[in-house]
Amino acid sequence: MGVGEFITSKLDHAVGWARKYSIFQYPFITACCGMEYMGVACSHYDIDRFGAGFPRFTPRQSDVLFVVGTISHKMAPVLKTIYEQMCEPKWVVAFGVCTCTGGFYDNYSTVQGIDTVIPVDLYIPGCPPRPESVLDGLMLLQEKIQNQKQEILPKAKWRETQSSVSRLL
Amino acid sequence: MSPEQQNNAQAQLPQVDGERPALGRLHQQFPEAILASHSYRGDDTISVAGDSLLPIMQFLRETPELSFETLMDLTAVDYLKMGKSPRFEVVYHLYSLTHNHRLRVKVPLPEDLPEVDSLTSLWKIADWYEREVWDMFGIKFRGHPDLRRLLMYEEFEGHPLRKDYPKSRRQPIVAQRT
């Protein structure tokens, strides 16, 4: 292993650690799952223990988009806009069975899984999911954030910087 | 229950027939417009011809002893799969705050011309109800000030609560990821 790779992998680890414990969520709540989301956020289950206790109600300042509740085809463009307004790096959680697959709303108006509209990182099934399974999902998301490649700069810029660092060392 | 108790139970029931003069008055006033009527366990229902809906509703609203001030509900039924003719029926639920009585008014509408007069001139609330019925069933309301879809988006084609609309025919407006 080269010195350059050693430095970037340690940096990746440190940045991942920082990111996984400071999840600012954007709660996109449309339906009854919202009650369960509030249950997770309140003191009994206390999502703050995982560093995710700070919902931001603007997509510009948030890292994780929590899609909580049924998404209709009329709502889908709004969801897509919100997703596009979020800054990188960003993750998406499909909370509840309606967002995962459409659930039992197999009808003319409901999106059959939000992954047909935006990319999804984590699916939490359940109607609604118990707070325990939400916390389990959150920990899986933290694991994913920790282990992924940390892009500090936009992708093209990152590659450029990396190659110049290797050249220097 | 002994006969005596039964008599007591009956005595406690309100004398509903005397308090609900709507059906009688309508039969008296509009004999040719009424297609059918019935009264079941305190619920009065009347079926009227579409042409005379507006005068009948005005009469129900403005006659002091009826005074149906509130249009509580306006919806429609599609009888396609029940083989009933005509196919559609618009249903109005009226309530009188003054007299505490209710009336259900139905208007049968044929499949080839599902149109009926708008009630927005009598009850403001009819505006959104009628837009919803237009959206879901494709029934037109003559004289409505702004008959647009209420719930579905403008790009949507067809009327989803019609029984011949395929239940899972979806019309997404954003590009679908594969």
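Atom set for the values below is all heavy atoms of this structure, side chains included, hydrogens, waters and symmetry mates excluded. Remember, predicted model here, so these are calculated numbers, not experimental data. Below, chains carry the letters A, B, ... as their sequence lines are ordered, and counting in each starts from 1.
- Ranked by heavy-atom pairs shorter than 4.5 Å toward chain A, the options B/M152, B/R169, B/K167, B/Q171 are led by B/K167.
- Here B/P172 is the residue among B/S168, B/P166, B/P172 with the most heavy-atom pairs under 4.5 Å with chain A.
- Taking OH of B/Y153 as the reference point, atom OG of A/S109 lies at 8.0 Å (rounded to 0.5 Å).
- A 4.5 Å side-chain heavy-atom check between A/D106 and B/R170 finds at least one atom pair inside the cut-off.
- The shortest distance between side-chain heavy atoms of B/Q176 and A/T116 falls below 4.5 Å.
- With hydrophobic clusters built from ILVMFWY side chains whose heavy atoms lie under 4.5 angstrom apart, A/I23 shares a cluster with A/V68.
- A continuous path of ILVMFWY side-chain contacts below 4.5 Å connects A/I124 to A/F50, so both sit in one hydrophobic cluster.
- There is no path of hydrophobic side-chain contacts, each under 4.5 Å, that joins A/W91 to A/F24.
- Here the shortest heavy-atom pairing between B/I173 and A/P77 reads CD1-CG, 3.7 Å.
- Residues B/Y92 and B/Y95 do not share a hydrophobic cluster, defined by chaining ILVMFWY side chains whose heavy atoms lie under 4.5 Å apart.
- In terms of non-hydrogen atom pairs under 4.5 Å with chain B, the most contact-rich of A/L79, A/T110, A/D115 is A/D115.
- Heavy atoms of A/I118 lying under 4.5 Å from chain B belong exclusively to its backbone.
- For A/S72, no part lies under 4.5 angstrom from a heavy atom of chain B.
- Counting only residues at least two apart or on different chains, the salt bridge (Lys or Arg N to Asp or Glu O under 4.0 Å) pairs with a member in residues 71-82 of chain A are A/K80-A/E84.
- Under the 4.5 Å side-chain contact rule for hydrophobic residues, A/V97 and A/L138 do not share a cluster.
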